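What follows is one structure encoded as structure tokens, with my remarks underneath.
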Amino acid sequence: MSEITNKLKQHYEATFRENGPTPQGVDWGTDASRLALRYEKMLAVISQNSARAPSLLDVGCGFGGLLDYARLKGLELDYTGIDVAENMIQWACDTCPDAKFILGDIFEYEFDQCFDYVVCNGILTQKLDVSGSVMDQFAARLIKQMYELCNMGIAFNVMTTKVNFFSNNLYYRNPAELFAWCFSEITPFIRLDHAYPLYEYTLCLYREPVGNEGNQTCLAGGRK
Ligand SMILES: C[S@@+](CC[C@H](N)C(=O)[O-])C[C@H]1O[C@@H](n2cnc3c(N)ncnc32)[C@H](O)[C@@H]1O
């Protein structure tokens, strides 16, 4: 396990020990509606035209809050969650025995399948005492790893630099710069949502064009 991952594991095991299965338990503040909005943004990666329950890997799933939210919304998912925090995975397995939760590190666990969608709500937001440049490299690794595991697309969030206050422990990244990096290194099929009222944004990266599945001829031949 890398030093950053180990720091995050220690940090989140402590927040969960202190606060249990709540937004504070995953260090997302006290406001449950904000966490719900983040889950909504993650699930927005799913293409409208999915005929069957899509398979979804939730990277850094915590206690499984995203799955609870999807079920509340009546969204059927073939869900798998993975997290390094032992106490959260234990809680998730105990309370949701019908879902698959893995205790593991996304950089080390060997999956025997890919997933339609891979999402990550919150690994690229907290940097603790790690430097910004080391976090940039960590982010590149995580995004590439998630993309390798997806058949259709991935979603993740990052703190925006368009703020008037910076907290030392959080990871901020200019959205235009990260968009450009994803565009040149990963895929041209990108959706950037910087329009919701939190100090962050969500990027969705796709293997193919989306949103107009029945009529894609206009894009044919134009891009690789
Ligand atoms: C901010 S919490 C978010 C939890 C959950 N996604 C939610 O929003 O309810 C980030 C989670 O990522 C987990 N994590 C950090 N690095 C990880 C890694 N390399 N592999 C798996 N999980 C990781 C932490 O243990 C922590 O539970």
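Hydrogens, waters and symmetry mates play no part in the numbers below; they use all other heavy atoms, side chains included. These numbers were taken from a predicted model, which means no experiment stands behind them. All ligand and atom numbering here is 1-based and tracks the order in the structure.
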Say whether [X] and ligand 1 are in contact under the criterion: heavy-atom distance to a ligand atom below 4.0 Å.
X: Pro23; answer: no
X: Asp105; answer: yes
X: Gly65; answer: no
X: Tyr39; answer: yes

[X] with [Y]: basic N within carboxylate O range, under 4.0 Å:
X: Glu148; Y: Lys144; result: no
X: Arg52; Y: Asp116; result: yes
X: Asp129; Y: Lys7; result: yes

*Do Phe101 and Tyr79 have their ring centres less than 6.0 Å from each other?*
yes

*For residues Phe183 and Phe189, establish whether the separation of their ring centroids is below 6.0 Å.*
no

*Should one rank Gly60, Gly122, Gly25, Cys120 by closest heavy-atom distance to atom 5 (C) of ligand 1, which comes out on top?*
Gly60

*Of Val119, Ile123, Val59, which has the heavy atom at the shortest distance from atom 15 (C) of ligand 1?*
Ile123

Using a strict cut-off of 4.0 Å, indicate which atoms of ligand 1 neighbour a heavy atom of [X].
X: Ala85; value: 25 (O)
X: Thr5; value: 18 (C), 19 (N)
X: Gly104; value: 20 (N), 21 (C)

*Using the ring of Trp28 (Phe, Tyr or Trp, six-membered ring only), decide whether Arg38 places NZ or CZ under 6.0 Å from its centre and within 45 degrees of its axis.*
yes

*asked:* Can you see whether Tyr12 has Arg17 sitting over its ring - NZ or CZ less than 6.0 Å from the centre and within 45° of the normal?
replied: no

*Return a yes/no value for Asn121: is any of its N or O atoms, backbone included, closer than 3.5 angstrom to an N or O of ligand 1?*
yes

_Check: Asp83 N/O within less than 3.5 Å of ligand 1 N/O_ = yes

*Distance to 0.1 Å, residue and atom name: give those for the protein heavy atom nearest to atom 2 (S) of ligand 1.*
Tyr12 CE2, 3.6 Å

*asked:* Tell me the protein heavy atom at minimum distance from atom 20 (N) of ligand 1, and give that distance in Å.
replied: Ile106 N, 3.1 Å

*Does Tyr199 OH have over 12 foreign heavy atoms under 6.0 Å away?*
no

*Kindly assign one of parallel, tilted or perpendicular to the pair His194 and Tyr201, based on the angle between their ring planes and the thresholds 30° and 60°.*
parallel

_I need the contact type for Met88 against ligand 1. Using non-hydrogen atoms and a strict under-4.0 Å cut-off, is it side chain, backbone, both or neither?_
side chain

*Should the proximity of Trp28 to ligand 1, defined as any heavy atom under 4.0 Å, be assigned to the side chain, the backbone, both, or neither?*
side chain

*After noting the C-alpha distance and the side-chain angles of Val158 and Tyr171, does the key distance pass the side-chain contact (heavy atoms from CB on, under 4.5 Å) rule?*
CA-CA 7 Å; Val158 183; Tyr171 177 56; 4.1 Å; yes

